[in-house]
Amino acid sequence: MSWKVHLHPEVSARAADIIPPEAAIEPKAAPVGSTDPTTTELQTFCNIHFDYIVIGGGTAGLTIGSRLAENGKHLVAVIESGVDRANDALVTTPGLFGQSMGNPNYDWSFQSTKQPHLNNREIPLSGGKILGGSSAINFLVQNRASVPEYDAWSKLGNSGWDWGGILPFFKKPSKYTAPRWDSPQIFFGITKEEDDEARKHEPEFEGYQGPISHTYNEIYTDVLEPTILTLNSLGVKTNRAPDHGDNTGIFNISTAVERELGKRSYATNYLKSRAGNLKVLTSAHVTRINFGKPGEDGRRTAISVDFLFESSPYTVKAQREVILSAGAYNSPQVLERSGIGNPSILKPLGIEPIIPNAAVGENLQDHLYVVTDYVVNKEVFTLDKLRIDKKYAEEQAELYKVSGKGAFATTVSAYGFVPLDRVMSKGEATQLKEDLDKELRATANQQTDLQKAQYKIQRSFLELEDVGDVEIIMVPKVFASTPEDDTSYMALLAGLTHPISRGSVHISSRNAFSSPIIDPGYLKSEFDAKCLAKTLMFLRKLTNTEPLKSIISKASTPSADVQTEEQWDWFARNHANSIQHPIGTVAMAPKHLGGVVDSKLLVYGTTNLRVADMSVAPLHIACHTAHTAYAIGEKAYELISRDAVI
Ligand SMILES: Cc1cc2nc3c(=O)[nH]c(=O)nc-3n(C[C@H](O)[C@H](O)[C@H](O)COP(=O)(O)OP(=O)(O)OC[C@H]3O[C@@H](n4cnc5c(N)ncnc54)[C@H](O)[C@@H]3O)c2cc1C
């Protein structure tokens, strides 16, 4: 399984020439704005009485840290485990998406426990270990889920976290450039009237002044039109405005690419206008948060943060608040090491549970997906041309070098979120829903209160036209197969959007660098497995339908022999992987329901510790999660400032 853009072998051997200009591979760890921190500088950092300390300089963390420092009145620290790789081509070059995955210089590179429902495979789990967090290593696509999915967060007891309450914070980080009508940026299946209508409403939904670019790819391949037209003919409509509250259908996804430069637009953009009162310390790994004695109401106040820098321990004090933004796999670990968690997990590890809460690290939800690859006819242009045609690869490299344009500035474009009864017959969808009802009744006594509330909502999603129950992605190049020379491919991916399966992440030891135990519980639910197999069957039907059928010469992975639901189920269990959207491990929900933070993102039992990253999202959403992570960061800032005594 390869995530990489395959380059022509001779060209890739000289990748440094192609992927210019500043490929810095081993940048030094340093507080932003200075060189290597000396011990004295670290001591100076630790002697500052910061108002706010943000743990994790990732997608949400840099958003919050920068906003808090903006008014110049507060001293703010961001402490990040990874380093700043702002000049590293693997980060900046959009067309090289996926290349840094699994590389420990960029990625936490976790591994799941053996997944019994995935043929006991251990699944690679990624997260950015770098300044910018996962926004620095992700695939650069950005979108939102539909209205009912954010409304669901509010229905779970989180006032203010419905679509209307989040929309302003989607707009704040964004710098949107509309797609051009006279170009493939407007996908097939959209009329001029539909385009005009969408354009008219854009200012209600899009932001124009934020640091994160939302732009559209400029290169589209020959497999796009047949894929879209065939999807349309099978009832999956083209959606011109997926970010306006209904993201169902197939659409051109916006990308986090600064088109003028051809560069990744990511969380470090928040730092470009940073004030001197924001200090960012990289290569510093937070080990725990320290608390004072409980107040009269029994709540604890976070007073300082311990971290390791090159194995040496340091402590830095927080005057007002500590904000934990270490991501869905790391935030629960920091809480547990700080004594917030399930006593039956903490005590055996020698950690005193100062704020017992068995919900910490539970409620893990992730998007599982399966790749299928197809060989396309010889004359069909796909991004595999970079691998097959040396001259083309060199031309594109040169073009990118001089203008930031071309294939190296290009990511994947076609994404679809689809209701159940578009990928299977209405009868099959009804049967599947009845099966789910049975499964939920049969497992009721094992479900937490939070799950019960979530499943009621998830079941209602299956009746809605504007919520995508599964995801389909078209990648215009080889993805899972080992490519044959001179052969072009396309890939189709099937994914689950609202899994019923739940998992957990917990620490395995007090040592802050020991691997966590991550069990995402993939396909624990029979409903999830059936949904995935049926979506894969739909992909088979898609590739056997004109006009797509005519450009495909053969199914590559798996072969055309895989046809029945049983065969697809087997294939899914042996090939499914994470699309890397973990959420929910520090769930925002009322305490009695199994929440860890309240709707102001305050950790229960504390006065001034908030968590703000994808770990707080209580229920999964049918979209890729970076745009929502920025929105959580922006909304967290708003909540913190509302409470702040200036
Ligand atoms: C490989 C990959 C591809 C993806 N592709 C897409 C995509 O194309 N589109 C999309 O929308 N979403 C995508 N996602 C998901 C999306 O990027 C993430 O959901 C989102 O960025 C998470 O934001 P966050 O703030 O929750 O965490 P992160 O951005 O991961 O930030 C957490 C930060 O905390 C730091 N940290 C952790 N522990 C500590 C500690 N103890 N001390 C100090 N620092 C610490 C980390 O190093 C990291 O910088 C992808 C994710 C991955 C991993």
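- With a 4.5 Å cut-off on side-chain heavy atoms, Asn143 and Asp243 count as touching.
- Considering only heavy atoms from C-beta on, Met474 comes within 4.5 Å of Met490 through its side chain.
- When all heavy atoms of Tyr220 and Pro184 are compared, the closest pair comes out as CD1-CB, 3.6 Å.
- Taking every heavy atom of both residues into account, Gln333 and Tyr329 meet most closely at NE2-O, 2.9 Å.
- Relative orientation of the Tyr216 and Tyr176 rings is perpendicular, given thresholds of 30° and 60° on the angle between their planes.
- The pair Asp151-Lys155 does not meet the salt-bridge criterion, since no charged nitrogen lies less than 4.0 angstrom from a carboxylate oxygen.
- Between Ser501 and Ser525, the closest heavy-atom pair is OG-N, 3.0 Å.
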_Applying side chain to side chain contact (heavy atoms under 4.5 Å, CB included) to Tyr106 and Gln99, what does each step give before you reach the verdict?_
CA-CA 10 Å; Tyr106 304 76; Gln99 297 266 9; over 6 Å; no

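- Side-chain atoms of Gln454 and Arg502 include a donor-acceptor pair closer than 3.5 Å.
- A donor-acceptor pair shorter than 3.5 Å cannot be found between the side chains of His214 and Glu206.
- The 12-atom threshold is exceeded at NZ of Lys237, counting heavy atoms of other residues, nucleotides or ligands nearer than 6.0 Å.
- No side-chain heavy atom of Tyr455 sits under 4.5 Å from any side-chain heavy atom of Leu436.
- Side chains of Gln365 and His498: no donor on one and acceptor on the other come within 3.5 Å.
- Checked for salt-bridge contact, Glu465 and Arg422 meet the test: a charged N lies under 4.0 Å from a carboxylate O.
- With hydrogens and angles disregarded, a donor-acceptor distance shorter than 3.5 Å links the side chain of Asp469 to the backbone of Leu420.
- Under 3.5 Å, the side chains of Asp466 and Thr248 contain no donor-acceptor pair of N or O atoms.
- Using cut-offs of 30° and 60° for the angle between ring planes, the Phe205 and Trp163 rings count as tilted.
- Within the 3.5 Å criterion, the main-chain N or O of Gly584 finds a donor-acceptor partner in the side chain of Asn363.
- No donor-acceptor pair closer than 3.5 Å links the side chain of Ser135 to the backbone N or O of Tyr266.
- With 3.5 Å as the limit, one finds a donor-acceptor pair spanning the side chains of Thr238 and Asn232.
- A donor and an acceptor atom, one from each side chain of Ser488 and Asp384, are nowhere located under 3.5 Å apart.
- Residues Met424 and Leu432 approach most closely at CE-CD2, 3.6 Å, considering heavy atoms.
- The shortest distance between side-chain heavy atoms of Leu386 and Phe408 falls below 4.5 Å.
- For the 3.5 Å distance criterion, the side chains of Asn138 and Gln580 fail to qualify, holding no donor opposite an acceptor.
- Remark: His117 engages no residue in a ring pair (Phe, Tyr, Trp, His ring centres under 6.0 Å) (not counting sequence neighbours).
- Shown here are the ring pair (Phe, Tyr, Trp, His ring centres under 6.0 Å) partners of His620, two or more places apart in sequence or in another chain: His367.
- A donor-acceptor pair under 3.5 Å links the side-chain atoms of Arg387 to the main chain of Thr487, judged by distance alone.
- With hydrogens and angles left out, the side-chain atoms of Tyr522 and Asp528 include no donor and acceptor closer than 3.5 Å.
- Ring-plane geometry between His575 and Phe571 is classed as parallel, the angle between the planes falling under 30 degrees on a 0 to 90 degree scale with a further cut at 60.
- Of the possible polar contacts, none joining the Glu526 side chain to the Glu439 backbone as a donor-acceptor pair under 3.5 Å is found.
- For residues 627-636, the pairs satisfying side-chain hydrogen bond (donor to acceptor under 3.5 Å, both in side chains) are Arg67-Glu634, Arg144-His627, Tyr150-Thr628, Tyr270-Glu634, with sequence neighbours left out.
- A donor-acceptor contact under 3.5 angstrom links the side chains of Ser265 and Asn269, judged on distance only.
- Heavy atoms only, all atoms of each residue included: Tyr489 and Val376 are closest at N-CG2, 4.0 Å.
- Using cut-offs of 30° and 60° for the angle between ring planes, the Phe97 and Phe139 rings count as tilted.
- With no hydrogens or angles considered, a side-chain donor-acceptor pair links Gln115 and Thr113 at under 3.5 Å.
- A donor atom on one side chain and an acceptor atom on the other are found under 3.5 Å apart for Gln451 and Thr448.
- One side chain, Gln447 or Thr443, offers a donor N or O that lies under 3.5 Å from an acceptor on the other.
- Under a cutoff of 6.0 Å and an axis angle of 45°, Arg240 and Phe251 do not form a cation-pi pair.
- Judged by distance alone, with hydrogens and angles left aside, the side-chain atoms of Asn158 form a donor-acceptor pair with the main-chain N or O of Met588 at under 3.5 Å.
- A salt bridge links Lys534 with Glu565: the closest approach of a Lys/Arg side-chain nitrogen to an acidic carboxylate oxygen falls below 4.0 angstrom.
- In this structure, the side chain of Trp153 does not engage the main chain of Ala617 through any donor-acceptor pair within 3.5 Å.
- Under the 3.5 Å distance criterion, the side-chain polar atoms of Thr497 are matched with a main-chain donor or acceptor of Gly468.
- Using a 3.5 Å distance cut-off with no hydrogens or angles, the side chains of Thr411 and Asn217 do pair a donor with an acceptor.
- Smallest separation of non-hydrogen atoms from Leu450 and Gly594: CD2-O, 4.1 Å.
- For Thr215 and Arg259, the side-chain atoms include at least one donor-acceptor pair closer than 3.5 Å.
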